[in-house]
Structure formats: structure tokens, C-alpha cells
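The structure under discussion appears below in the form of C-alpha cells.
What you see below is based on every heavy atom in this structure, not just the backbone, and it leaves out hydrogens, waters and symmetry mates. Note that ligands are numbered from 1 as they come in the structure, with each ligand's atoms numbered from 1 the same way.
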Amino acid sequence: MLLLGNQVIQLSTEAQNALIERYAPHAVKPPPYAKFSAKTPSCVITVYNSGKVMFQGQAAETEAAKWGTPVAKKVAATSMLPEGFSDWSVVGSDEVGKGDYFGPLVIVAAYVPKEKIELVKELGVKDSKLLSDPEIKRIARDLHVTIPYQKATLHNPMYNKMQKTMTQGKMTAIAHNAALSALLDKLEEKPDAILIDQFAEKAVYYKHLSQERHIVKDDVYFSTKAEGLHVAVAAASILARAFFLKEMDKLSQTVGLTLPKGAGTKVDQAAATLIRRDGVDRLNGIAKVHFANTKKAIRLSELKR
Ligand code: MN
């Protein structure tokens with residue numbers, strides 16, 4: 001049996017054009033996210049919209065070497081989903097709050113069967129980063145009654161406790177797996193695939209889960225920017241964002257201070273105010289205390305005394 005090679009290189013637009021010209025006589029129909037594909041007797045060449053060029057087959061290495069130096073294979077593997085994936089019945093999962101000092105870490109897994117894809121798009125579901133907070137809240141209310149989903153929330157006290165023995169990546173993996181496995185349990189049909197908005201390499205993700213009892217691993221795909229690859233991830237992201245916003249409102253009300261999002265200077269200042277008022281222990285219930293913001297806020301609180 002022949003060992004099939006697989007090489008990926010990144011090329012400038014000019015170099016891509018030169019390559020396309022060279023292989024034009026062998027052109028075939030390109031797959032999704034690709035602008036050109038060619039099939040020679042010993043190699044399949046695919047030029048992706050991202051500028052990545054994949055060489056597959058017996059002559060992959062020698063052909064690729066004519067054009068450039070290979071990039072790490074994992075980069076290519078993560079962004080390549082089967083053809084037609086965006087029309088499949090898919091469970092998507094995404095997390096929110098990982099970079100926010102205040103507030104929980106929220107993971108949502110959401111199921112969009114193929115017959116509901118158009119409806120979900122119709123509700124306004126798209127990349128959550130392009131939506132305002134009020135839009136997120138409105139769309140989440142509609143999604144709540146339209147599709148099955150499951151959330152897993154790590155509130156700050158639990159988050160801080162877990163953080164003592166594991167990385168944020170491991171906590172995130174455990175929470176994704178918990179949300180996915182609970183959602184799969186309540187679905188009446190088996191989805192075609194599961195797509196996780198990639199926060200860790202697949203191997204690392206499963207290493208994090210090695211002590212979990214139920215590990216979801218059938219038909220699982222990982223991709224960065226997965227919100228754009230299937231509407232189920234975009235829906236999961238919007239739901240997670242909405243739950244996060246709701247928690248932030250709740251926490252703000254509890255402490256009597258509007259807690260800023262993110263992890264910037266405003267966050268340091270708000271934390272310093274709370275330390276001066278309530279003491280540093282107050283942060284355990286509302287913030288991810290391992291962030292550098294804690295030390296900065298302690299310093300600030302002492303300066304302004
Ligand atoms: Mn994400």
C-alpha cells in the first residue's frame with residue numbers, strides 16, 4: 001500500500017496565482033472554502049480561500065517543496081470539514097467568559113437539525129461578535145424556544161476551586177464535554193456531527209478528559225472560527241453570551257456596582273473599589289482570581305487608601 005503524504009503550505013496571492021496557472025490543465029471542482037483544486041496522476045492540490053495550499057498523495061512532498069515550506073499540519077487539519085458540513089444536523093458548542101475577569105465561564109452546546117438551519121438563520125443567528133448585547137438577548141430568547149441546548153456554567157466559587165488543581169483549558173474541556181454529553185442524552189435523534197469551537201488541539205482536549213466517566217468522542221470535529229462553519233456553533237455562542245450577560249447583571253446587582261467585562265484597567269479599578277469596600281475575599285465569589293487583575297487591583301487599592 002502506498003503511504004499517502006499530506007503537505008500544507010501558506011502562499012501569497014501572487015504565488016497562489018502562479019501555482020493555479022501551473023496546475024490549470026489538471027483542474028477539478030474545488031471543495032468548500034477552496035478556490036482551486038487540481039488532480040495530477042500523483043498528487044491532489046487544493047488552494048483554500050485562506051491562502052493555504054494542500055498537497056495530497058504520493059508526490060505531495062516533492063510537489064509542495066517546489067512552492068514553499070510546509071506549515072504545521074494541525075493548522076490545516078482543524079479547518080477542514082467534510083463537504084456539505086454546513087447543511088448537516090449538527091451539535092455546536094462554544095464557551096464565553098474565558099477572558100473576562102468578572103463573571104462565570106459559560107459553555108453551551110446547541111443542536112440545529114438540518115431542517116431548522118434556515119429558521120435559525122432567519123432569527124438573526126450569526127457571529128456573536130458582530131451582535132450587540134440587546135440583539136444577543138433577543139435572539140437567545142427566540143433560540144430558547146426553537147432548538148434543544150444544554151448549558152454548563154462554572155460560577156466563580158467553583159471555577160476558583162477547580163483552578164487550584166487544573167488549568168483553565170482543562171476546566172473548559174470538562175465543561176464542554178459535560179454540556180455535550182447532557183445534550184446528547186436528551187436528544188431523540190443522533191446528530192450527524194458535533195463541532196466544537198476549538199480552544200485546544202483535539203489531542204489536548206481529550207487528554208484533559210482522561211478522568212471523565214462519559215467522554216463524547218464520536219463524530220466530533222474541532223475548528224477555530226467554527227461560528228462561521230455551522231450555524232449550530234453560532235447559536236451556541238449566542239446562548240452562552242446571553243447567559244453570561246445575565247450572570248454579569250446579577251453579580252453587578254449583588255455587589256451594587258456595574259462589573260465591567262474583559263480584563264482591562266476598568267476591571268482593575270472596579271476590583272480595587274470592591275477590595276477597599278469589602279476586602280479581597282469578596283473577589284472569590286465574583287471573579288476569576290488567578291487572573292493578573294487580582295494583584296493589580298490589590299496594588300491599586302493600597303495606593304488609593
Ligand atoms: Mn469560542
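Qualifying side chain to side chain contact (heavy atoms under 4.5 Å, CB included) partners for Lys129, counting only residues two or more places apart in sequence or in other chains: Asp127, Glu227. Scanning for side chain to side chain donor-acceptor pair (under 3.5 Å) contacts around Asn177 gives an empty result, with sequence neighbours left out.
Under 2.8 Å from the Mn ion (ligand 1), one finds the following protein N/O/S atoms: Asp94 OD1, Asp197 OD2.
Residue pairs meeting the side-chain hydrogen bond (donor to acceptor under 3.5 Å, both in side chains) criterion with at least one partner in residues 111-125, sequence neighbours excluded, are Tyr111-Glu189.
Using a 3.5 Å distance cut-off with no hydrogens or angles, the side chains of Lys288 and Gln168 do not pair a donor with an acceptor.
Aromatic ring pairs are classed by plane angle as parallel below 30°, tilted from 30° to 60° and perpendicular above 60°; the pair Phe199 and His176 is parallel. Using a 30° and 60° split on the angle between ring planes, Tyr101 and Phe291 fall in the tilted class, from 30° to 60°.
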